[in-house]
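Encoded as C-alpha cells, the structure appears first; notes follow it.
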Amino acid sequence: MAVRGDDADSDDALMVRVCARDPVAFRILVDRHVRMLHRIAYRMIADPTEAEDISQEAMLRLWRDAARWQGGNAGTGAWLNRVVVNLCLDRLRRRRFASDEAVPQRADETPLAPEELDAARMRSATVAAIGALPDRQRAAIVLTYYEEVSNQVAAETLDMNLKAFESLLLRARSALRAALTPMKDAAQ
C-alpha cells in the first residue's frame with residue numbers, strides 16, 4: 001500500500017511499514033511515543049526503572065503485534081497508552097500480592113522557604129493520595145490531568161464508555177478532595 005504526501009508520516013502509514021518490518025518506521029514511532037508512555041508509567045508506578053521497562057514492553061508489543069494492526073481507529077498513540085496503562089495495572093496488582101509494605105517516600109533534604117515547604121508537602125500529599133486511589137481511578141487522574149488527554153481518549157484507553165469514565169473520574173476527584181482537604185485546612 002503506497003502512501004503519499006503528509007500521510008507518509010502518519011502513524012497509520014508508519015504502521016504499514018512496521019508490518020513490513022521496517023526498522024526506520026519503527027524508530028520514528030518509538031521517538032514519537034515513548035516519552036509519553038514513560039511519563040504515564042512513571043506517574044502510575046512511581047519507579048523510573050520500572051516505568052522504562054513498561055514503556056519498552058509497550059513498544060515491543062507494537063513491533064510484535066504489528067501484523068494485526070488495523071488503521072483508522074483511535075490511533076497508535078491511544079493503543080500504546082492503553083497497553084501502558086494495562087501493564088501498570090498488572091504490575092500494581094502483582095505488587096499488592098508481593099508485598100504489603102508501603103512505598104517509602106523520599107524527602108527533599110535541601111532547606112526550603114516556608115511557602116516552598118508547604119508546596120512540597122502538598123505535592124507529596126497529592127502523590128500519596130493519587131497512589132492510594134484504586135488502580136483505574138489513578139489511571140483516570142494520570143491520563144486526564146498529567147497527560148492532558150481528552151476524556152474520550154482516556155475512556156478508550158481504559159476500554160470504557162465516556163459516561164462510565166466520567167463517573168470514574170468524578171469518584172477519583174472526590175476521593176482526592178477528601179484526602180487533601182484536611183491538609184489544605186491545616187496549612188491555612
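Side chains are part of it too, since the values below use all heavy atoms of this structure and drop only hydrogens, waters and symmetry mates.
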Do side-chain atoms of [X] reach the backbone of [Y] as a donor and acceptor pair under 3.5 angstrom?
{"X": "R17", "Y": "F26", "result": "no"}
{"X": "R138", "Y": "G131", "result": "yes"}
{"X": "T144", "Y": "I141", "result": "no"}
{"X": "S167", "Y": "K163", "result": "no"}

Checklist entry - Is it true that atom CZ of R35 has more than 12 heavy atoms of other residues, nucleotides or ligands lying nearer than 6.0 Å? => result no

Next on the checklist: Is it the case that over 12 heavy atoms from other parts of the model lie below 6.0 angstrom from the CZ atom of R64?
Outcome noted: yes

Checklist entry - Yes or no on side chain to side chain contact (heavy atoms under 4.5 Å, CB included) for L176 and T126, after CA distance, side-chain angles and deciding distance? => result CA-CA 8 Å; L176 285 176; T126 302; 5.6 Å; no

Checklist entry - Could R39 and E147 be called an ion pair, given the rule that one side-chain N must be under 4.0 Å from one carboxylate O? => result yes

Checklist entry - Would you call D90 and R94 a salt bridge, using N to O less than 4.0 angstrom? => result no

Do [X] and [Y] make a side-chain contact, defined as non-hydrogen atoms from C-beta onward lying under 4.5 Å apart?
{"X": "V153", "Y": "L143", "value": "no"}
{"X": "L37", "Y": "Q56", "value": "no"}
{"X": "W63", "Y": "V18", "value": "yes"}
{"X": "V149", "Y": "T157", "value": "no"}
{"X": "I130", "Y": "Y146", "value": "yes"}
{"X": "T76", "Y": "L62", "value": "yes"}
{"X": "L158", "Y": "R82", "value": "no"}
{"X": "V84", "Y": "H38", "value": "no"}

Checklist entry - Are R61 and W79 close enough, and set up right, to give a side chain to side chain contact (heavy atoms under 4.5 Å, CB included), and what steps lead you there? => result CA-CA 11 Å; R61 287 185 184 190; W79 183 84; 4.2 Å; yes

Nearest-0.5 Å distance, [atom1] of residue [X] to [atom2] of residue [Y]:
{"X": "S55", "Y": "L60", "atom1": "OG", "atom2": "CG", "answer": "11.5 Å"}
{"X": "L169", "Y": "R136", "atom1": "CG", "atom2": "CZ", "answer": "13.0 Å"}
{"X": "L14", "Y": "L29", "atom1": "CG", "atom2": "CG", "answer": "4.5 Å"}

Checklist entry - V83 and Y42: same hydrophobic cluster, using ILVMFWY side-chain contacts below 4.5 Å? => result no

Checklist entry - So, R173 versus Y145: side-chain donor-acceptor pair below 3.5 Å or not? => result yes

Next on the checklist: Distance alone, cut at 3.5 Å: any donor-acceptor contact between the side chains of N81 and H33?
Outcome noted: no

Next on the checklist: Would L162 and E156 count as a side chain to side chain contact (heavy atoms under 4.5 Å, CB included) here? Give the steps.
Outcome noted: CA-CA 8 Å; L162 183 58; E156 290 172 8; over 6 Å; no

What is the minimum heavy-atom distance between [X] and [Y], and which atoms define it?
{"X": "I54", "Y": "C88", "answer": "CD1-SG, 3.8 Å"}
{"X": "A58", "Y": "L80", "answer": "O-CD2, 3.7 Å"}
{"X": "R21", "Y": "A66", "answer": "NH1-CB, 3.9 Å"}
{"X": "A178", "Y": "P182", "answer": "O-CD, 3.3 Å"}
{"X": "M44", "Y": "A139", "answer": "CE-CB, 3.8 Å"}

Next on the checklist: Set out, in order, the CA-CA distance, both residues' side-chain angles and the distance that settles salt bridge (charged side-chain N to carboxylate O under 4.0 Å, His left out) for E50 and R91, then state yes or no.
Outcome noted: CA-CA 9 Å; E50 212 170 343; R91 289 196 187 203; 3.6 Å; yes

Item to check | Test side chain to side chain contact (heavy atoms under 4.5 Å, CB included) applied to S174 and R171, step by step | outcome: CA-CA 5 Å; S174 295; R171 289 191 308 272; 5.6 Å; no

